[in-house]
Amino acid sequence: MTERAAALAPISAGARRTRRLSLLALPFVVALALVVHSWETALEWWRVSDLVERRVEAGQSASYAGADWRLLRSTRVVDRPDGSAVVLVEFEAVIRDPDAFARLPCTIALADAEGRRWLPSFMRPRELRGLQRNVAIPETCGSVSLTRPQAGTRVEIAESFVLPKESLAEAQPMVSLAAGRPYFLRFEELGVGE
Amino acid sequence: MSILKPAAALVLAVLALAVMQRTAPGYADITRPITVSGKLGERLTGRQFDIRVESVRLGRDLVYEAYGRRQTLTTNGVWALLEVSAEATTESVSIIAASWRAPNGARYVASKRPSTYPGMLSLQRLEPGLPKRGFILFELPRDQLAGGTVLIARTEFAPLDTEFAFHMDGIDTLPLQGELVLTADD
């Protein structure tokens, strides 16, 4: 048989079936390869992202990431000349699972309906003095976590924020801990008014 | 004739593979920052903040006051002081990476010499809804001013994040001041 004749020889039914099956399997194999290669990255993204919101009504507490969280108070400390306001937000956390609670990073933020987020900011010493009560330097979420409080301990956590005065009315505190993600808490009321 | 065809196919395949190998992007290329280009005075918007280079001043010495003391910084080249306004778009953010891409290809990282002057942009935190002004300072050879580009990003290594590129056209025609004074009003 010449080469040309061999090339034109009819393909057997078995070979045709194998080829068809291979083509059909190709999309699934490619999808499987993508899943295998990106699985760990996707899992990591799921663990570090704030994806699912759990709303907490005003005055209520919520069990989250090894502690029962409650918003104690929000204080409008001072207004700055640039149109911003400094707000101190204080939480109470009763520790239930010390290991889960101590897992960092811990993020407390203020968020509005448009998805904008204000992260904690340092308060100037003279602004802290403006608070009309005796407040020590507030313990932040990260610093409290590092002390690894025991189960049953009640801790107070405070963070300060700088945000536009016009955003005060709709900004809401949110809490996100490593052990709780992808869930995060959103407290319904900041309560400092515009 | 029967050998020529497969040989040509083989050569073509080898050529195609060689081209693919030579042109395949490396990891750094695949994850490089996404450039948003503009020029002096233009406001550019990126993933996490928007920014505008409002003005540029050139000088031989830089003078400023910090903690009640007058400081003078000299240079063998030229100080280029950029006044910038910026605002975070989605989340509080700090901008710590700025460099000057000179026409000879060299990159000059923004000077940290006036580290105690609070008006530097790298010392400020940008908040959504609160535009801020600040300075970025470069210490440059005189002949690398014309045709320079200012690159600004959130961090030194910002894979797939925004990198702003401001083309500094006409900067070499600006007057060179003897003393570039930073005041509290700045």
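In what follows, chains are A, B, ... by sequence order, proteins preceding strands, each numbered from 1. A quick note: this is a predicted structure, and the numbers were derived from the prediction, not measured.
Taking 4.5 Å as the limit, some side-chain heavy atom of B/F135 sits within range of a side-chain heavy atom of B/E83. The shortest side-chain heavy-atom distance between B/D50 and B/T89 falls under the 4.5 Å cut-off.
Residue with the most contacts toward chain B among A/G83, A/S121, A/A109: A/S121 (heavy-atom pairs, distance under 4.5 Å).
Listed in order of number, the residues of residues 12-24 of chain B that approach chain A to under 4.5 Å between heavy atoms amount to none.
Using a 4.0 Å cut-off between charged nitrogen and carboxylate oxygen, A/R55 and A/E53 count as a salt-bridge pair. The existence of a salt bridge linking B/E179 and B/R70 is confirmed by a sub-4.0 Å separation between a basic side-chain nitrogen and an acidic carboxylate oxygen.
A centroid separation of less than 6.0 Å is found between the aromatic rings of B/F138 and B/W100.
Only the backbone of A/L163 comes within contact range of chain B, with heavy atoms under 4.5 Å apart.
A donor-acceptor contact under 3.5 angstrom links the side chains of A/S176 and A/D50, judged on distance only.
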Take B/R142 and B/D172 through the salt bridge (charged side-chain N to carboxylate O under 4.0 Å, His left out) test and state the conclusion after the steps. CA-CA 9 Å; B/R142 185 91 197 256; B/D172 53 320; over 6 Å; no
